[in-house]
Student: 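One structure is given below, represented as structure tokens, and several questions about it will come after.
Given the structure is predicted, the values throughout are model-derived calculations rather than measurements.
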There are 2 protein chains.
Amino acid sequence: MAIASIEKLTTQLARLPGVGHKTAQRLAYHLLSVPKEQAQELSEAINDAREKVHPCPICGAFTDLDTCEICADPRRTEETVCVVSDARDVLSMEKTREFRGHYHVLNGSLSPMNGIGPGALRINALIERCKSGQVKEVILATNPDVEGEATAAYIAKLLKPMGIVTSRIAHGIPIGGNLEYTDEVTLAKALEGRRIL
Amino acid sequence: MAIASIEKLTTQLARLPGVGHKTAQRLAYHLLSVPKEQAQELSEAINDAREKVHPCPICGAFTDLDTCEICADPRRTEETVCVVSDARDVLSMEKTREFRGHYHVLNGSLSPMNGIGPGALRINALIERCKSGQVKEVILATNPDVEGEATAAYIAKLLKPMGIVTSRIAHGIPIGGNLEYTDEVTLAKALEGRRIL
């Protein structure tokens, strides 16, 4: 009953993040059940995106232009650079409509256990950008996990001697959250980061 | 920040079952981050599967041959036909290694609410197969939900006048399950289906 093409499709789908063998199989059978055009549309969308989209040479976010819309926008200030781990995080930050500076995508977080050192990230490119003299503040918006914190601390240490203000986004209770259901680490961070009213 | 190719890829991925917009976006960004070859391998696997795989003209299960391996296997008996809703269910049944008959895939379950009547399923093809006289028993292995039960009942009603034994797979407590955590409907079915030892 092993059909080579289905097995191959399942294997490829199982390489997607969060997709296990069982889900991959379900997706493979789904792609075989839908109209052929629908399956082709997905396959074309993958190829098309890979043809047209590439990382912006300045910030590292994805773009289909020479320089991404954000880096090319003259209304945005170059004085503030927000550092994120992944290109997708730029989308999340942009949704807030609060940030009008530039971005810098690291393409990951420091993770010595997985062999990801500073050289594997776009940290050197960040330092070069900061050397231009236009950057006044670097906001470190890596994730609040072990790797993200280590990455933020590492970058802060590099930028300090350069006289650049480095800040870290706040950790605390999410809006709509609830003291009772907030874990103690977050609560401790919220207490530590309290602001005088 | 809206990049047409990424939006298009996200839309296509969101058409997969169990994939919402957020997951689709995560998958799209993943496909942009991996080596180009890996994304191409997925896209090729989709096209390749759609080129080579088609439903078996007899049972409706997927195959890359003229007739599927199961229908073509002379060691399997044509006297018993196991009816399942989806091609994927054939895989699950085969894993038991208990069934040595043939299959019949309906391509769905009766669902009048969604406009899926008997004509939309491969029920006529099943009746035609049964008319050949070789089929002695039809095992109805549709899912134990409202649609699956209705489909099984509908098919049983059609087959009875033809003198064919129709059976339904047993419902009860799964092996490794636990009375305490079994819902009352399953428990009632288990009681109803009890066997004398």
Student: Hydrophobic clustering (ILVMFWY, side-chain heavy atoms < 4.5 Å, transitive) - are L140(B) and M93(B) grouped together?
Tutor: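 No, it is not one cluster - the side chains of M93(B) and L140(B) are not joined through contacts under 4.5 Å.
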Student: Relative to chain A, which segment of T23(B) carries a heavy atom at a distance below 4.5 Å: side chain, backbone, both, or neither?
Tutor: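 Neither part, no heavy atoms under 4.5 Å.
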Student: Would you say L158(B) ends up clustered with I139(B) if hydrophobic residues are merged whenever their side chains have heavy atoms under 4.5 Å apart, either directly or through other cluster members?
Tutor: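 Cluster IDs for I139(B) and L158(B) differ.
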Student: Determine whether V81(A) and F99(A) fall in the same hydrophobic cluster, where Ile, Leu, Val, Met, Phe, Trp and Tyr are linked whenever their side-chain heavy atoms lie under 4.5 Å apart.
Tutor: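 No, separate clusters.
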Student: Count I, L, V, M, F, W, Y as connected when their side-chain heavy atoms are under 4.5 Å apart, and connections chain through other members. Are M162(B) and I155(B) then in the same cluster?
Tutor: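 Result: yes, single cluster for both.
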Student: Following the transitive rule for hydrophobic clusters with a side-chain heavy-atom cut-off under 4.5 Å over Ile, Leu, Val, Met, Phe, Trp and Tyr, establish whether I123(A) and V84(A) coincide in one cluster.
Tutor: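 No, no single cluster joins them.
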Student: With a 6.0 Å cut-off (strictly less than), is the heavy-atom count around CG of N178(A), excluding the residue itself, greater than 12?
Tutor: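 Enclosed.
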Student: May I ask you to test the R15(B)-V34(A) pair for a side-chain heavy-atom distance under 4.5 Å?
Tutor: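 They are not in side-chain contact.
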Student: Who wins among L16(B), L32(B), L13(B) for the most heavy-atom pairs under 4.5 Å with chain A?
Tutor: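 Among the listed options, the one with the most contacts to chain A is L32(B).
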Student: Counting neighbours of CG on D183(A) that are heavy atoms of other residues, nucleotides or ligands and sit closer than 6.0 Å, is the number greater than 12?
Tutor: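 More than 12 within 6.0 Å, yes.
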Student: With a 4.5 angstrom heavy-atom cut-off, is it the side chain or the backbone of S33(A) that approaches chain B, or both, or neither?
Tutor: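 The answer is both parts of S33(A).
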Student: Using non-hydrogen atoms and a limit below 4.5 Å, what part of residues 35-60 of chain B faces chain A?
Tutor: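 Residues in range: P35(B), K36(B), Q38(B), A39(B), Q40(B), E41(B), L42(B), S43(B), A45(B), I46(B), N47(B), D48(B), A49(B), R50(B), E51(B), K52(B), V53(B).
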Student: Quick one, D86(B) and Y29(A) - any side-chain contact, counting heavy atoms below 4.5 Å?
Tutor: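 Counting from C-beta outward, D86(B) and Y29(A) never come under 4.5 Å.
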